[in-house]
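First comes the structure, then the notes that go with it.
Order of appearance sets the numbers: ligands from 1, and atoms from 1 within every ligand.
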Amino acid sequence: MYILGMESSCDETSASVVEMGEGVRRICSNVVASQIDVHRLYGGVVPEIASRAHIEAVSRITREALDGAGITLKDLGAIAVTTHPGLIGALLVGVNFAKSLAFANDIPLISVNHIHGHIAAAYLTDPTLEPPFLAVVVSGGHTCLYLVEDHTTFTLLGGTRDDAAGEAFDKVGREIGLPYPGGAAMDKLATEGDPKAYKLPSCAITSDEIAFSFSGLKTAALNLLNTAKQKGEEIDRANLAASLTASVVDGIVKKTGLALSTTAASAKTLVLAGGVAANSHLRAALADLAKKRRIPFVVPERGLCGDNGAMIAAAGYYDYLAGHRADTSLNASALDDED
Ligand code: KG4
Ligand code: ZN
């Protein structure tokens, strides 16, 4: 069946048509209207500007997604939309648009959790991937580990107690003069630096819990920059990027290793997803961990790591199969407070 996936939780408006079925997982179109150039002027996402930009783009990109797939609304089996978590004003644009489109055309409507959407991107990358598996979701807003028991049952094993990994990359990146969002540029810069040059705290909580803290790591990196500035000293940007990346990657690998050990009986595959899953150092380190544990490793191609409608459509398909349906009372939520 054809599913229209709609995503507007942050700074990307996206609509995609995906064909899903027995042995079929195919992206027919995936249109992403990025607002990065607008938010870059402010060094971060401005929620009010994001909502307005979503409103301007949503009709056009939905039309482009349908045309790109060569289908019409009549061919759609369902419309899936991100309802939470995210920026509330931004989410409401997608939710209200999808709701109107679904009810005006008598198409089933499905509510999708953004984080579950990121995980579902892996189904599109590996057509043979099936739960149960361990999913590591690392993005600008989230850093968490889930045991995915079946397509719609997610057990949260642990996550960050404060900031997300992507935020640490973006904030430190901004301080060293990288354009917003700094994650991708930090990735490149880190390749040229020495990861042992600066001593930074680990993002892994020092207990047996599966938990992270990125706020201390971010502050330590910013303090290093401020102290050097006050002393009139130069910080080597590549060395700082490499040291920060090493702290993030080592901490995530450590807690993923712990999660794999505690879920060994059920988690037979390791999945990495979310915007930061595009990071080459994290991809390589988790691939290595999976190899050592002799389990397959699946990570979406880079184009499907960031926010996109295709992942929402893929997640929505499994919610559809599970019988989940939304009605006209469907609302958005900023928090990750529902399934
Ligand atoms: O998943 P996403 O598009 O949005 C959220 O749901 O948060 O993730 C965006 C985050 C940003 O923090 C961005 O800097 C980061 O993903 N990112 C990267 C890379 N590419 C994007 N971080 C590290 N290395 C990358 N190559
Ligand atoms: Zn995201």
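No more than 12 heavy atoms of other residues, nucleotides or ligands sit less than 6.0 Å from atom CZ of Arg63. More than 12 heavy-atom neighbours from other residues, nucleotides or ligands sit within 6.0 angstrom of CZ on Arg293.
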Item to check | Derivation and outcome, side-chain contact (heavy atoms from CB on, under 4.5 Å), residues Ile205 and Ile210 | outcome: CA-CA 8 Å; Ile205 295 283; Ile210 297 169; over 6 Å; no

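Distance check for Cys10 against the Zn ion (ligand 2): none of its N/O/S atoms falls below 2.8 Å. Within the coordination shell of the Zn ion (ligand 2), defined by N, O or S atoms under 2.8 Å, His142 is absent.
Of all the N, O or S atoms in Asp307, the one closest to the Zn ion (ligand 2) is OD1.
Judged by the 6.0 Å and 45° rule, Arg325 forms a cation-pi pair with Tyr320.
Among protein residues, His114, His118, Ser139, Gly140, Gly141, Gly166, Phe169, Asp170, Pro181, Gly183, Ala184, Asp187, Gly275, Val276, Ala278, Asn279, Gly306, Asp307 come within 4.0 Å of ligand 1, judged on heavy atoms.
Residues that satisfy the ring-ring contact (aromatic ring centres under 6.0 Å, His included) test with His39, not counting sequence neighbours, are absent from this structure.
Aromatic ring pairs are classed by plane angle as parallel below 30°, tilted from 30° to 60° and perpendicular above 60°; the pair Tyr123 and Phe133 is perpendicular.
Using a 4.5 Å heavy-atom threshold, the side chains of Val32 and Thr13 count as separate.
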